[in-house]
Number of protein chains: 2
Amino acid sequence: MKKLSLKDVAQHVGVSTALVSYVLNGQAVEKQVNKDTAERIMAAIEELNYTPNQIAKSLKMRTTNTIGLVVADINYRFSTGITRAIESESKKRNYTVIYGSSNEDENKFSELIDVFVNRRVDGLILIPSENSQDQIRALQKSEIPFVLIDRIFPNIKTNYISLDNFKASYKATEYLIKLGHKRIAFINYKTTMFHLQERTRGFREALSDHKLTIAETLLPEILSANLAKDIQQAIDNVLHLQEPCDAIFFATDTLTIHGLKYLNKLKIKVPGDISVLSFDGSDAFELFYCPITHSKQPLEEMGKLAVNTLLDLVNHSKINMQISLDADIVIGNSCGESV
Amino acid sequence: MKKLSLKDVAQHVGVSTALVSYVLNGQAVEKQVNKDTAERIMAAIEELNYTPNQIAKSLKMRTTNTIGLVVADINYRFSTGITRAIESESKKRNYTVIYGSSNEDENKFSELIDVFVNRRVDGLILIPSENSQDQIRALQKSEIPFVLIDRIFPNIKTNYISLDNFKASYKATEYLIKLGHKRIAFINYKTTMFHLQERTRGFREALSDHKLTIAETLLPEILSANLAKDIQQAIDNVLHLQEPCDAIFFATDTLTIHGLKYLNKLKIKVPGDISVLSFDGSDAFELFYCPITHSKQPLEEMGKLAVNTLLDLVNHSKINMQISLDADIVIGNSCGESV
DNA sequence: ATAAAAAATTTAAACGTTTAAATTAAAATC
DNA sequence: GATTTTAATTTAAACGTTTAAATTTTTTAT
């Protein structure tokens, strides 16, 4: 059962390939194809069950109707959420997504982009890994459209859809403060990534705006290479200060998970002994005995906006979009809300 | 910065496109290209930073070096695990994966396959949704190679990589029995899917082989459309029999999660009040107070085998592979192990 | 020096589309 | 019925590769 070509259906109808192409692409009226002929062609397409060869089409049109998506790690809840949103929005717009995960490795990130560019994707949606500025700059020099999601580089002017991490963190911190917490620890990665630094900045500013002192001992930094141990160390430290802390705000869901595991191990009760607030939720929270209060990113919206922005760029609009969205706080019971 | 073509580098060197193509594809010696010329061409490729247009190449070669992957739902742990494995193995073999999620919808499943086929993927790796037999049969008639993972149709002879679900379930049940449990409930979906039915079969056979009576009341069936409520109902039922059950074996990780949430709510302690065994693990288990004993599928291996089998097929080997793998039991403490 | 053999290179068609331009057929106008 | 206008269709080049076959150049043998 050889795949048939447009030529085959043209021959079958007894007409040139041009006509078939016209009716196939809905240009029948525009190109003044005889109505009767058009119908015969349509019928033949149906009958022979012909589907055009996208590869040939792509070559001719110099566009592939394909979006390349690089996520930071497929195992992140953020990644699957955003991927789902991007995929469904792309499909609506008749685009296919090619997909890859950098696993937080800048080299793999670059490789994936190269592969996608060679495949002539029409555009890229990227969650860049740390230290990939050079790669992003190189991309800018090429003419291929791209938009960043989630993580951005403040020194590089690109199109992006991101959370207003500063604001989200500020608000979440404020939420803790208003519940009466005075000694709040903020556990974040030691990182050069802007979006995470912004979370720290938001935390600090909220404290100082509410006249709380910022104790550096309450701001431990975790090395992701040494995640589990560093978190245990950090928690031990903030719990054993002479003025111990009354709440911990974790800067990512992964940090929260590791933190809660350790608190479980120490038999420290949430929120009885200590309050916990998480940046981002996780399926893993579901089985914790106490619903974890967390700020929640609008993944659906981000994905949708990313696709729409990208496709605008693909269609040669000269827009320049820097979109920052707000997070919601999902209120659980881990900050002592019901007390 | 216009993308340059093979012709451009040919002109730059002052040579025909054929030669450039030969050295580009490592056929320099075979095609007796002058060593010096070959070097000049290489140099030019480097200098101009030329990369071939994969689209044009695909059109000519009638192969795209692309694999289409359809998973059942991107949010399943199984999906992300297998995707990761497939992606990394594909990359090793110089293939790109195009990817989509059917969200357990047979129509979306079909659509995705159509899109991929139109894109001329070289082959497909599929986790079929329920009721997609017709689609699979249709695929068989086309000449495109594919392999199923995880879920298979016993009445259709296809290449597949799957778990031996019967055996895995049998062994897991046996594990419970050997720990002394006598009244074991098995909570599964009401489904036509073979792999899940096999789990039930394994459970039943293990019981009868160990001379335990099979009480139908201990085998509730859950409608996935009514997941949360059905599970609560099911748990209520098996707990309030006159001879109540001493262990629950959940047939999937999702069922386990919902089950544990409800047990939490009822303040029923695991394993103190009841033992719990899960088919497949989940990140969500991490924060449960008790490590959940579960059988674990070899995702890495499955993904790798799927890619290798598929690529064998793509290369016209006439193999016929039905591979069934064994699961491991990851021992936690939820079946009363340490008592 | 010439013929034959081997090495190096080029030519040109093909993959399956799209589409501007050219051509032909039909209808309208005088 | 000749001319113009409009409608319908075809032609052919192009997209960027690959590769069999043809051609040219160089080397070897006589």
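Every value quoted in this text rests on a predicted model; they were computed, and no experiment measured them.
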Legend entry - Integer-rounded Å distance: D:dT17 C1' and A:Arg120 CZ: 11 Å
Inset, instruction - Measure from CD on B:Glu30 to P on C:dT9 and round the result to the nearest Å. - result: 16 Å
Inset, instruction - Give the nucleotide from the list C:dT9, D:dT17, D:dA8 with an atom nearest to the side chain of B:Ala56. - result: D:dT17
Inset, instruction - Give A:Thr37 one of three labels, base, sugar-phosphate or nothing, depending on what nucleic acid heavy atoms sit under 4.0 Å from its own. - result: sugar-phosphate
Legend entry - N/O (side chain, B:Asn25) to phosphate O (OP1/OP2, D:dT18) under 4.0 Å: yes
Inset, instruction - Looking at every strand, decide which applies to A:Ser5 at a 4.0 Å heavy-atom threshold: base, sugar-phosphate, or nothing. - result: sugar-phosphate
Inset, instruction - Return no unless some side-chain N or O of B:Lys57 is found under 4.0 Å from OP1 or OP2 of D:dT18. - result: yes
Legend entry - Sole candidate of B:Asp312, B:Thr309, B:Leu311 that passes side chain to side chain contact (heavy atoms under 4.5 Å, CB included) when paired with B:Ser317: B:Asp312
Legend entry - Heavy atoms of other groups near A:Glu300 CD, more than 12 under 6.0 Å: no
Inset, instruction - Rounded off to whole Å, could you give me the CD1-to-P distance for the B:Ile55 and D:dT18 pair? - result: 13 Å
Inset, instruction - Rounded to the nearest angstrom, tell me the gap between atom CZ in B:Arg40 and atom C1' in C:dA8. - result: 12 Å
Legend entry - Minimum side-chain heavy-atom gap A:Asp73-B:Arg84 below 4.5 Å: yes
Inset, instruction - Assess the side chains of A:Gln322 and A:Asn320: does a donor N or O sit below 3.5 Å from an acceptor N or O? - result: yes
Inset, instruction - State whether B:Ser16 places a side-chain N or O below 4.0 Å from either non-bridging phosphate oxygen (OP1 or OP2) of C:dT11. - result: no
Legend entry - Between C:dT17 (P) and A:Ile45 (CD1): distance, integer Å: 11 Å
Inset, instruction - Could you check which of C:dT19, C:dT10, C:dG16 has an atom nearest any side-chain atom of B:Arg62? - result: C:dG16
Legend entry - Separation of C:dC15 P from B:Asn53 CG (nearest whole Å): 18 Å
Legend entry - Whole-Å gap separating P (D:dT18) and CG (B:Leu24): 6 Å
Inset, instruction - Would you kindly say whether A:Asn65 and A:Arg93 are connected by a side-chain donor-acceptor distance under 3.5 Å? - result: no
Legend entry - Nearest to side-chain heavy atoms of B:Lys60, which nucleotide of D:dT9, C:dT18, D:dT18: D:dT18
Inset, instruction - Taking the side chain as every heavy atom from C-beta outward, state whether A:Thr191 and A:Glu130 have any pair of such atoms under 4.5 Å apart. - result: yes
Legend entry - Residue whose closest nucleotide on DNA chain C lies nearer the 5' end, B:Val15 versus A:Thr17: B:Val15
Legend entry - d(CD, A:Gln32; P, D:dT10) in whole Å: 15 Å
Legend entry - Closest-nucleotide 5' rank along DNA chain D - winner of B:Leu59 and A:Ala38: A:Ala38
Show which side-chain atoms of residues 148-163 of chain A pair as donor or acceptor with protein atoms under 3.5 Å away, not counting sequence neighbours.
| residue | atom | partner | partner atom | Å |
| --- | --- | --- | --- | --- |
| A:Arg151 | NH1 | A:Glu104 | OE1 | 3.0 |
| A:Arg151 | NH1 | A:Pro128 | O | 3.1 |
| A:Arg151 | NH2 | A:Glu104 | OE2 | 2.8 |
| A:Asn159 | OD1 | A:Met321 | N | 2.6 |
| A:Ser162 | OG | A:Asp150 | O | 3.2 |

What nitrogen or oxygen pairs link the protein and nucleotides 20-25 of chain D at under 3.5 Å?
| residue | atom | partner | partner atom | Å |
| --- | --- | --- | --- | --- |
| D:dA20 | N6 | B:Tyr22 | OH | 3.3 |

Inset, instruction - Check the side chains of A:Lys57 and A:Asn25 for a donor-acceptor pair under 3.5 angstrom, ignoring hydrogens and angles. - result: yes
